[in-house]
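Read the structure below first, then the notes.
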Amino acid sequence: GVSVVAPLGRPWKCGAVRGRVDSAHFTRRLEQRDGSRSGTWIALAYCALGALGATLAEAFGQSPLTTRPWLGEAGPIAALGSLALGALVAAVTVRTTRVLGRAGWARALHADLRPIVHGLSDGEIVLMALASGVGEELFFRGCLTPLFGIFVSSAAFGVLHQVRGRARWAWAGWATLMGVAFATIYKLTGHLAGPIASHVAVNLVNLRYLRDHDPEAKPRALGGLLAR
């Protein structure tokens with residue numbers, strides 16, 4: 001092949017470079033295809049979970065979206081209060097995850113979860129955030145919380161979020177705390193609007209962060225020109 005001169009004076013073979021570029025492009029396409037397929041199946045599973053929760057709630061004679069509020073308000077006021085509390089929880093949660101993300105266990109969790117969303121498009125991230133947020137809230141808060149209470153439903157929520165890897169129990173514990181927060185909003189206001197909106201927002205922001213940030217990436221000197 002024809003040689004060209006690299007920035008540091010080293011000869012490159014055009015054919016070899018083109019082969020590496022084509023190989024990397026093919027690998028990325030495979031990752032995107034596999035990520036898209038897995039994302040679709042995960043979203044469908046969450047939709048099924050939400051449908052199951054709504055069906056069971058109705059079977060037990062309760063609404064999957066409302067319950068008797070601790071604060072005594074109902075209707076639009078309850079929905080607005082639920083949304084306001086949900087927005088507060090979402091903002092605090094996203095900020096807290098960024099601070100905790102510097103810890104070793106959080107970086108390990110990031111690395112373990114990243115393959116799930118690697119290669120997904122923005123639209124697929126939105127779909128997964130909506131499906132997981134709505135599906136889990138209908139099942140764990142809309143169905144289980146009125147039947148078994150805040151702590152049992154939140155513990156079940158935490159168990160669902162176990163993952164294989166170095167941060168298995170840390171992730172389950174964090175999910176349990178989030179379940180307590182969402183269930184408390186539901187019981188206080190009697191409306192599921194806030195937990196759903198909060199859950200979807202947190203998932204949307206954090207799923208994009210998982211996809212776009214590599215916790216194990218190393219900084220390259222001078223943009224990579226002098227990196228070894």
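Given the structure is predicted, the values throughout are model-derived calculations rather than measurements.
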Open item on the list: Taking the side chain as everything from C-beta on, heavy atoms only, tell me whether Phe140 gets closer than 4.5 Å to Thr145.
Closed with: no
- [ ] Verify, without hydrogens or angle tests, whether His213 (side chain) and Tyr209 (backbone) share a donor-acceptor contact under 3.5 angstrom.
- [x] yes
- [ ] Look only at the side chain of Thr66 and the backbone of Ser63, and say whether a donor-acceptor pair between them is shorter than 3.5 Å.
- [x] no
Task: Same cluster (ILVMFWY, side-chain, under 4.5 Å), Leu71 and Tyr186 - done: yes
Open item on the list: Would you compute the distance between atom CG of Leu65 and atom CG of Leu192 and round it to the nearest 0.5 angstrom?
Closed with: 6.0 Å
TODO: Answer yes if the ring centres of His199 and Phe182 are under 6.0 angstrom apart, and no otherwise.
DONE: yes
Task: Val202 to Ala90 - nearest heavy-atom pair and separation - done: CG2-CA, 3.7 Å
Task: Rounded distance (nearest 0.5 Å) linking atom CZ of Phe139 with atom CG of Leu144 - done: 4.5 Å
Task: Which atom of Ala172 lies closest to which atom of Gln162, heavy atoms considered - done: CB-CG, 3.9 Å
Task: Crowding at CD1, Ile77 (>12 non-hydrogen neighbours, <6.0 Å) - done: no
Open item on the list: Test of understanding: clusters of I, L, V, M, F, W, Y form through side-chain heavy atoms closer than 4.5 Å, transitively. Do Ile196 and Leu127 belong to the same one?
Closed with: no
- [ ] Of all the heavy-atom pairs spanning Leu56 and Cys143, show the shortest one and how long it is.
- [x] CB-SG, 3.6 Å
Open item on the list: Quick check against the 3.5 Å criterion: does Arg211 have a side-chain atom that pairs as donor or acceptor with the backbone of His118?
Closed with: no
Open item on the list: Whether the Glu124 and Ser121 side chains hold a donor-acceptor pair (N or O, under 3.5 Å, no angle test) is what I'd like checked.
Closed with: yes
Open item on the list: Quick check against the 3.5 Å criterion: does Thr96 have a side-chain atom that pairs as donor or acceptor with the backbone of Val92?
Closed with: yes
TODO: Go through the steps for Val180 and Ile150 under the test side chain to side chain contact (heavy atoms under 4.5 Å, CB included), then give the verdict.
DONE: CA-CA 6 Å; Val180 170; Ile150 289 177; 4.2 Å; yes
Open item on the list: Using modelled atom types and a 3.5 Å cut-off, is there a donor and acceptor pairing between side-chain atoms of Trp171 and backbone atoms of Leu109?
Closed with: no
- [ ] Kindly say whether Thr93 contributes a backbone atom to a donor-acceptor pair with the side chain of Thr97 at under 3.5 angstrom?
- [x] yes
Open item on the list: On a heavy-atom basis, which atom in Ala131 and which in Cys47 lie closest, and how many Å separate them?
Closed with: CB-SG, 4.2 Å
Task: Atom pair CG/CD1 of Leu130 and Ile125 - distance to nearest 0.5 Å - done: 11.5 Å
TODO: Taking the side chain as every heavy atom from C-beta outward, state whether Pro69 and Thr189 have any atom pair closer than 4.5 Å.
DONE: no
Task: Minimum heavy-atom distance Gly86-Ser198, with the two atoms named - done: O-OG, 2.9 Å
Task: Atom of Ala106, atom of Gly101 and distance for their closest heavy-atom approach - done: CB-CA, 3.7 Å
TODO: Compute whether any side-chain donor of one residue and acceptor of the other, for Arg208 and Asn203, lie under 3.5 angstrom apart.
DONE: no
TODO: Without swapping roles, check the side chain of Ser153 against the backbone of Arg141 for a donor-acceptor pair under 3.5 Å.
DONE: no
Task: Check: His110 and Asp214 side chains under 4.5 Å, non-hydrogen atoms - done: no
TODO: Report whether Leu138 and Leu83 are members of the same hydrophobic cluster (ILVMFWY, side-chain heavy atoms less than 4.5 Å apart, transitive linking).
DONE: no
Task: Side chain to side chain, Leu100 and Arg95, heavy atoms closer than 4.5 Å - done: no
- [ ] Side-chain contact test, heavy atoms from C-beta onward, threshold under 4.5 Å: evaluate it for Glu136 versus Val200 and give yes or no.
- [x] no
TODO: Check the hydrophobic clustering (I, L, V, M, F, W, Y; side-chain heavy atoms under 4.5 Å; chains of links allowed) and say if Leu210 and Leu204 are grouped together.
DONE: yes
Open item on the list: Please report the interatomic distance CG(Leu207) to OG(Ser132), rounded to the nearest 0.5 Å.
Closed with: 6.5 Å
Open item on the list: Membership question, hydrophobic clusters at under 4.5 Å side-chain separation (ILVMFWY): are Leu120 and Ile42 in the same one?
Closed with: yes
